[in-house]
Amino acid sequence: MDLNAPAIDIRDLNKFYGSFQALRGISLTVRKGERVVVCGPSGSGKSTMIRCINQLEEHDSGDIRVFGTLLDDSLGSIDEIRREVGMVFQHFNLFPHMTVLENCTLAPMLVRKTPRAEAERVALKYLEKVRILDQAAKYPGQLSGGQQQRVAIARALCMQPEILLFDEPTSALDPEMIAEVLDVMVALANEGMTMICVTHEMGFARKVADRVIFMDKGEIVEEAPPAAFFGKPQNERTKLFLSQVL
Ligand code: ADP
Ligand code: MG
């Protein structure tokens, strides 16, 4: 891994599900410390792109580099990615039979071979950061959706990733819980975390994004800093989308 290389560098990425092409020649470079928000209609390929970056899906052609390391199907590159790229999902994906603390220590102990005491020390630090330390001994099912998502963010942070990917982290939450999750994400953004966030929270995009990307039908249609993106969208498809979400 070369920390001077772009955090993420995608060149002409194509992805098919059977004969259906979900990604069409996606190219995207994200610098270390950059905060990118991705929006677009349902089915436009946002999750597929994020999942390809994290190697949860295999791509058909094109290159993805993470800090200079080319993702191929070798175990070495998948391992490296799993360590450096954290992922937060819409439905939290916590392990229901494990406590909050165990959810946070599992991957560091298994993947990073961190001793339990050290893994717990780090986990408690991040649970405090997402303001959920008092729930460390609970099971996910005992928590609200907003609390579960904050645990999921802490769990991702426990691997001490260089990059965090978020796929609609607030879409499954009741309105009163969205703000508590966004607050945590804003704090991370302000600390310089490299982030790609798929979200329709345009207030969040305006506040923290360096760049907003609009995807439609498997393509990146438009990208610009938030002021230009919201103030002067260029593409008709972007304008239509924004008229529906703003
Ligand atoms: P988004 O996240 O923007 O809503 P997705 O990346 O989930 O879009 O999906 C893009 C397109 O690929 C959609 O048309 C979806 O139906 C299709 N798709 C996603 N996952 C699969 C899959 N596992 N098998 C077949 N088609 C899929
Ligand atoms: Mg999606």
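First listed ligand is number 1; within each ligand, the first listed atom is number 1.
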Exercise. Check whether any side-chain N or O of Arg112 sits under 3.5 Å from a backbone N or O of Met159 as a donor-acceptor pair, and report yes or no.
Key: yes
Practice problem: Using a strict cut-off of 4.0 Å, indicate which atoms of ligand 1 neighbour a heavy atom of Ser44. | Solution: 1 (P), 3 (O), 8 (O)
Quiz item: Below 4.0 Å from any atom of ligand 1, is there a heavy atom belonging to Gly40?
Solution: no
Self-check item: Whether Ser47 has an N, O or S atom under 2.8 Å from the Mg ion (ligand 2)
Solution: yes
Quiz item: Do Phe16 and His59 make the cut of ring centroids closer than 6.0 angstrom?
Solution: no
Quiz item: Nearest to atom 15 (C) of ligand 1, what protein heavy atom do you find, and at what distance?
Solution: Phe20 CE2, 4.7 Å
Exercise. If you have a sec, work out which protein heavy atom is nearest atom 23 (N) of ligand 1 and how many Å separate them, to one decimal?
Key: Tyr17 CE2, 3.6 Å
Quiz item: For ligand 1, which atoms, with element, lie under 4.0 Å from some heavy atom of Pro41?
Solution: 3 (O)
Quiz item: Among side-chain atoms of Asn14 and Ser61, is any donor-acceptor pair under 3.5 angstrom?
Solution: yes
Quiz item: Of the choices Gly43, Gly218, Ala22, which has the non-hydrogen atom that lies closest to atom 4 (O) of ligand 1?
Solution: Gly43
Self-check item: Polar side chain donor-acceptor pair, Asp9 to Thr29, under 3.5 angstrom
Solution: yes
Quiz item: Is it true that the NZ or CZ of Arg206 lies under 6.0 Å from the centre of Phe230's six-membered ring and within 45 degrees of the ring axis?
Solution: yes
Exercise. Looking only at distances, please establish whether an N/O atom of ligand 1 is found under 3.5 Å from an N/O atom of Gly45.
Key: yes
Quiz item: Out of Val66, Ile163, Ile196, Ile213, which one pairs with Val30 under the side chain to side chain contact (heavy atoms under 4.5 Å, CB included) rule?
Solution: Ile196
Self-check item: Top protein contact for atom 7 (O) of ligand 1, by heavy-atom distance
Solution: Ser47 CB, 3.7 Å
Quiz item: Side chains of Glu80 and Thr69: donor-acceptor distance under 3.5 Å anywhere?
Solution: yes
Practice problem: Note the single closest protein heavy atom to atom 3 (O) of ligand 1, along with its residue, its atom name and the distance in Å. | Solution: Lys46 NZ, 2.8 Å
Quiz item: Any cation-pi pair here, Arg155 with Phe95, using under 6.0 Å and within 45°?
Solution: yes
Self-check item: Heavy atom of the protein closest to atom 6 (O) of ligand 1 (residue, atom name, distance)
Solution: Thr48 OG1, 2.5 Å
